[in-house]
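Just so we're on the same page: letters track the sequence lines, and every chain starts at 1. A quick note: this is a predicted structure, and the numbers were derived from the prediction, not measured.
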Number of protein chains: 2
Amino acid sequence: MTRPRTRIQLRNSETILEAALEVFSQHGFRGATLDQIADVAGLSKPNLLYYFASKEAIHVALLSELLVTWLDPLRAMNADGDPVTELIGYVQRKLELSRDYPRESRLFANEILQGAPRIREAIQGDLHNLVREKSAILRSWMDQGRIARVHPVHLIFSIWALTQHYADFDVQVRAVLGPDEPDPFPEAGQFLETLFTRLLAPR
Amino acid sequence: MTRPRTRIQLRNSETILEAALEVFSQHGFRGATLDQIADVAGLSKPNLLYYFASKEAIHVALLSELLVTWLDPLRAMNADGDPVTELIGYVQRKLELSRDYPRESRLFANEILQGAPRIREAIQGDLHNLVREKSAILRSWMDQGRIARVHPVHLIFSIWALTQHYADFDVQVRAVLGPDEPDPFPEAGQFLETLFTRLLAPR
DNA sequence: TGATTGTTTGACCAGATGGTCAGTTTAGGT
DNA sequence: ACCTAAACTGACCATCTGGTCAAACAATCA
């Protein structure tokens, strides 16, 4: 509840959130147990609850922390830059997130799949507004003929879908590619660059 | 375990699977309870377990049933047809599945997210082989210069990601689009047709 | 050193949950 | 109408799980 004050509080809160991310992202909210989290964190269950009021409090803490960093790449999309460069850059940054922070991606996916009970308002508020803002930029680029005209919001959806797929469906991706292809990300990056370059090329 | 024999067995198995799909797709395996499923099915819990040996047995029955119908659209992709038509057709059929059977899509997504513990071998076996087979077709189309050259497996991934997104992330899609746009699917279909047409146009 | 505050834990609890079972009710064939 | 097998149920159980609490322990500072 209250913010960390002492060194120990800071360290243990961190440890707990890290362990909780591991467990929640693997089993979902309902599938994760406090005992598992405590075990991974190397702390006792009552000690966990000394730092967080409840299981849900841990989950909420993770999600709100996540939402900020998750949307940063989109925020970084600059109206003054070169449109195609900006968009491809966004795609690549999002793909890097999928590669480097797959647990966060799965945590988010789990939450949305269940109907986003804990972050619905954030999605209808902050996210909705951010997308409105950025699609206005996209629309102006289209008006200027600097990128091809497509539905800007569905364009953003397509970026999310295509990049997150590599984190959320990692098991499937690797199983389908087979054991010969240990790291799908380089080729994914190339494929997505091709895809969005062709989609957006002004015509 | 054993296949349904009598009329009652057939009807009740059906009812249970329908209820289980509803509950599992909404709450995940761990989040769903037998009591919930029994309630939705309008049967008592012991009666549920008269038809299925365990909670897991219900889940497995659903998943194996699902896998067949889920891959049918890909199976239907015909080597003798017109490449772009075949691919766009596949995309549209997959999008229709997302629109008409979102619960099945979410059930599948849930399973993959958790690491596919119950269908791993099916994915490494049947799915892997089907994708190999179909990417050979894609490759031959590319060799003939009838569609642009891209990584065939990532092309298939992109179709899955883009279409399933509209079922699995439905809440997000609707929240971001806002209440003015009640049905995202028509515009999604148009967007995806544009996307794949431009991506695949021979050059 | 002692007092105070912050940290940790074993033991415990109430409710939920998957599953069992003995026994009752119903359906279908004769 | 009767019999048999199928269908169904209330009561029950063991286990799991989120959470509590009083008491023990550690750190910090006067």
Side-chain angles (χ1 to χ4, degrees), chain A residues 1-64 107 110-111 114 117-118, chain B residues 1-64 107 110-111 114 117-118:
Chain A
M1 277 229 160
T2 35
R3 297 276 143 218
R5 305 253 162 193
T6 76
R7 241 163 295 167
I8 295 180
Q9 276 173 5
L10 200 73
R11 178 170 51 82
N12 281 351
S13 298
E14 213 56 46
T15 308
I16 291 169
L17 288 176
E18 156 64 29
L21 174 60
E22 182 71 27
V23 178
F24 279 137
S25 67
Q26 209 166 104
H27 303 286
F29 179 75
R30 193 55 161 43
T33 73
L34 285 177
D35 287 291
Q36 276 177 304
I37 299 174
D39 196 49
V40 172
L43 298 172
S44 68
K45 184 169 61 169
N47 204 10
L48 236 69
L49 293 164
Y50 172 71
Y51 290 98
F52 291 89
S54 66
K55 183 184 178 183
E56 180 149 352
I58 303 178
H59 198 244
V60 169
L62 273 177
L63 283 174
S64 50
L107 183 78
N110 250 312
E111 178 69 9
Q114 326 271 300
R118 279 164 261 270
Chain B
M1 279 221 161
T2 36
R3 295 278 141 218
R5 305 253 163 194
T6 73
R7 241 164 296 167
I8 294 180
Q9 275 172 7
L10 200 73
R11 177 169 53 84
N12 281 349
S13 299
E14 213 57 44
T15 307
I16 291 168
L17 288 176
E18 156 65 27
L21 174 60
E22 182 70 25
V23 178
F24 279 136
S25 67
Q26 207 164 106
H27 304 285
F29 178 75
R30 192 56 161 41
T33 74
L34 285 177
D35 287 291
Q36 277 177 303
I37 299 175
D39 196 48
V40 173
L43 298 171
S44 70
K45 183 168 63 170
N47 203 12
L48 233 71
L49 294 163
Y50 172 73
Y51 290 99
F52 291 89
S54 65
K55 182 185 178 183
E56 180 149 353
I58 304 179
H59 198 244
V60 169
L62 272 178
L63 282 174
S64 49
L107 184 79
N110 249 312
E111 178 68 10
Q114 327 270 296
R118 279 164 260 269

Apply side chain to side chain donor-acceptor pair (under 3.5 Å) to B:Arg118 and list each qualifying residue two or more places apart in sequence or on a separate chain. B:Glu56, B:His59
Let me spell it out: for each of B:Glu56 and A:Leu48, pick the nucleotide of DNA chain C with the closest heavy atom. Which residue's pick is nearer the 5' end? A:Leu48
Whole-Å distance between C:dG6 P and A:Tyr51 OH? 12 Å
What residues in residues 29-41 of chain A put a non-hydrogen atom under 4.0 Å from any atom of DNA chain C? A:Arg30
Evaluate the side-chain proximity of A:Asn110 to A:Gln114: yes if any heavy-atom separation is below 4.5 Å, no if none is. yes
Within this structure, what is the NZ-CG distance for the pair A:Lys55 and A:Leu49, rounded to the nearest 0.5 Å? 11.5 Å
OP1 or OP2 of C:dT7 less than 4.0 angstrom from a side-chain nitrogen or oxygen of A:Gln9, does that happen here? yes
May I ask you to verify if any side-chain N or O of A:Asn12 is less than 4.0 angstrom from the OP1 or OP2 atom of C:dG6? no
For A:Ser64, enumerate each residue passing the side-chain contact (heavy atoms from CB on, under 4.5 Å) test, keeping only those at least two apart in sequence or located in another chain. none
So CD of B:Glu18 and CG of B:Leu62: to nearest 0.5 Å the spacing works out to 9.5 Å
So which pairs with a foot in residues 43-52 of chain B pass salt bridge (Lys or Arg N to Asp or Glu O under 4.0 Å), sequence neighbours left out? B:Asp35-B:Lys45
What distance separates B:Thr15 OG1 from B:Leu48 CG, expressed to the nearest 0.5 Å? 10.0 Å
Starting at the 5' end of nucleotides 25-30 of chain C, put B wherever the base has a protein heavy atom under 4.0 Å, S where only the sugar-phosphate does, and a dash everywhere else. ------
To the nearest Å, how far apart are B:Lys55 NZ and C:dT20 C1'? 17 Å
Minimum heavy-atom distance B:Phe52-B:Ala61, with the two atoms named: CE2-CB, 4.0 Å
Tell me which of B:Leu49 and A:Asn47 sits closer to the 5' end of DNA chain C, going by the nucleotide each one is nearest to. A:Asn47
side-chain contact (heavy atoms from CB on, under 4.5 Å) partners for A:Asn47, two or more places apart: A:Leu43, A:Ser44, A:Tyr50, A:Tyr51
What is the distance from NZ of A:Lys45 to P of C:dG10, rounded to the nearest Å? 12 Å
Does a side-chain N or O of A:Tyr50 approach OP1 or OP2 of C:dT7 to a distance below 4.0 Å, or not? yes
Show me the donor-acceptor pairs within less than 3.5 Å that the side chains of residues 19-29 of chain B make with the rest of the protein, sequence neighbours left out.
from: B:Glu22; atom 1: OE1; to: B:Arg103; atom 2: NH1; distance (Å): 2.6
from: B:Ser25; atom 1: OG; to: B:Leu21; atom 2: O; distance (Å): 2.7
from: B:Ser25; atom 1: OG; to: B:Glu22; atom 2: O; distance (Å): 3.2

Nearest 0.5 Å please: distance from the CD1 atom of B:Ile58 over to the CG atom of B:Leu63. 12.0 Å
A:Glu14: partners by salt bridge (Lys or Arg N to Asp or Glu O under 4.0 Å), with sequence neighbours left out: none
B:Leu43 has an atom CG; how far is it from atom P of C:dG18, in whole Å? 16 Å
Pairs under 3.5 Å (N/O, protein and nucleotides 2-4 of chain C):
none

Measure the CD1-OG distance between B:Ile8 and B:Ser13 for me, rounded to the nearest 0.5 Å. 11.0 Å
Under a 4.0 Å heavy-atom criterion, DNA chain D is touched by chain A from D:dT17 to D:dC21
